[in-house]
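A quick write-up on the structure given underneath.
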Amino acid sequence: MANVIGVKFKEKGKTYYFDPKNISFVNGDGAIVETARGVEYGEVTMSNCEVDDAEIKGELKAVVRKATEKDLAQYRANVEKRTPSIRQAQELVNKRKLDMKIVDAEFTFDNGKVIFYFTSDNRIDFRELVKDLANAFRMRIELRQIGIRDECKMKGGLGPCGRVCCCNDYLADFTRVSIKMAKHQGLSLNPTKISGLCGRLMCCLKYEDDYYAETLKFMPKINQEITTPDGLGTVVSVDLLRQTVVARITLKDESTELHEYDLAKLGITPEYSSPCKECQASAEECADSENDDTETDVNEE
């Protein structure tokens with residue numbers, strides 16, 4: 001077991017473990033720590049505790065010291081410089097007529113380096129731009145190209161559901177999302193309906209996909225002929241959450257009627273290859289609670 005504290009460097013970022021070196025921390029404290037980028041300021045999100053050695057990846061770095069008021073003031077000053085720096089950098093980009101958009105800027109705690117994040121559809125030769133930025137900011141410059149999903153994660157916004165984008169709110173990492181997940185859920189494949197602010201498939205399509213994929217394995221297919229308590233019928237629609245089937249029954253007078261059946265009435269017993277509470281929940285609980293290996297750009301489909 002190792003004694004650690006959890007530190008975040010961004011409000012929505014990951015939590016990293018550090019050795020507190022016998023210093024007592026509580027949630028909300030500031031900490032000065034040594035990172036791969038140098039000395040950084042971070043906020044303690046997990047006070048002193050012991051974790052299993054298996055949870056620690058790589059070498060556990062030590063805390064330099066508990067942050068002082070002066071450290072906090074310097075950190076806030078660095079944050080305040082972010083917006084004008086982005087504007088100034090974009091002006092230099094426009095002056096060079098480069099096809100790139102500056103998305104964010106990050107100053108290291110000691111003001112020794114500034115990292116500019118940018119998006120572009122093409123590879124950019126920014127060697128001359130780096131010289132311009134170095135002359136303007138008088139510090140080391142680093143330019144990092146990011147994807148459109150990363151831009152959305154940094155900027156945030158309200159998704160189609162009316163809530164803050166998941167990537168900006170709490171997702172630490174992006175997971176692979178494919179068009180097949182939308183098909184599993186019977187959603188419209190209209191790009192405007194299943195795309196997020198970034199223009200890619202919404203991250204939330206992944207959340208319930210395991211349940212839908214497992215349930216589809218034993219649900220009857222559309223237009224399949226099945227045996228019902230009222231005779232032979234043709235499947236018209238299925239409800240994966242309620243686990244019901246609507247079938248068209250042909251009566252003796254050649255007229256047809258639509259009947260809805262629970263799986264139990266059709267003699268179908270759900271079997272999940274990876275049992276879990278969510279998959280085993282009743283139809284009502286699922287309803288209430290709510291790989292074409294295609295990449296995340298819906299327009300590729």
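If you read the sequence from its start, that first residue is 1, and numbering goes on from there.
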F25 six-ring face occupied by K66 cation (under 6.0 Å, within 45°):
yes
I want to check a possible cation-pi pair here: K8 against Y16, using under 6.0 Å from ring centre and within 45° of the ring axis as the test.
no
Cluster question for you: counting only ILVMFWY and a side-chain heavy-atom cut-off of under 4.5 Å, with indirect links fine, are L98 and I141 together?
yes
Rounded to the nearest 0.5 Å, how far apart are [atom1] of [X] and [atom2] of [Y]?
X    : Y    : atom1 : atom2 : value
I249 : T228 : CD1   : OG1   : 3.5 Å
T215 : L241 : OG1   : CG    : 8.0 Å
T108 : E142 : OG1   : CD    : 10.0 Å
I115 : R144 : CD1   : CZ    : 4.5 Å
N122 : Q145 : CG    : CD    : 8.5 Å
L201 : K206 : CG    : NZ    : 12.5 Å

Thinking salt bridges, do [X] and [Y] make one under a 4.0 Å N-O criterion?
X    : Y    : result
K95  : E128 : no
D19  : K61  : no
R242 : D262 : no

Test log, rule salt bridge (Lys or Arg N to Asp or Glu O under 4.0 Å), inputs D104 and K155:
CA-CA 9 Å; D104 201 359; K155 289 188 171 182; over 6 Å; no
Decide if the gap between the ring center of F137 and the ring center of F116 is smaller than 6.0 angstrom.
yes
In this structure, are over 12 heavy atoms from other groups packed under 6.0 Å from [X] atom [atom1]?
X    : atom1 : result
N135 : CG    : yes
E69  : CD    : no
K193 : NZ    : no

Over 60° means perpendicular and under 30° means parallel, so classify the ring planes of Y41 and Y75, tilted if in between.
parallel
With a 3.5 Å cut-off and no angle check, do the side chains of Y261 and D230 form a donor-acceptor pair?
yes
Pairing donors with acceptors under 3.5 angstrom, does anything connect the side chains of N78 and Q74?
no
Decide yes or no on salt bridge (Lys or Arg N to Asp or Glu O under 4.0 Å) for R76 and E80, but give the supporting numbers first.
CA-CA 6 Å; R76 288 174 174 170; E80 289 175 0; over 6 Å; no
Residues E106, K113; criterion salt bridge (Lys or Arg N to Asp or Glu O under 4.0 Å); working and verdict
CA-CA 8 Å; E106 251 180 42; K113 180 172 72 173; over 6 Å; no
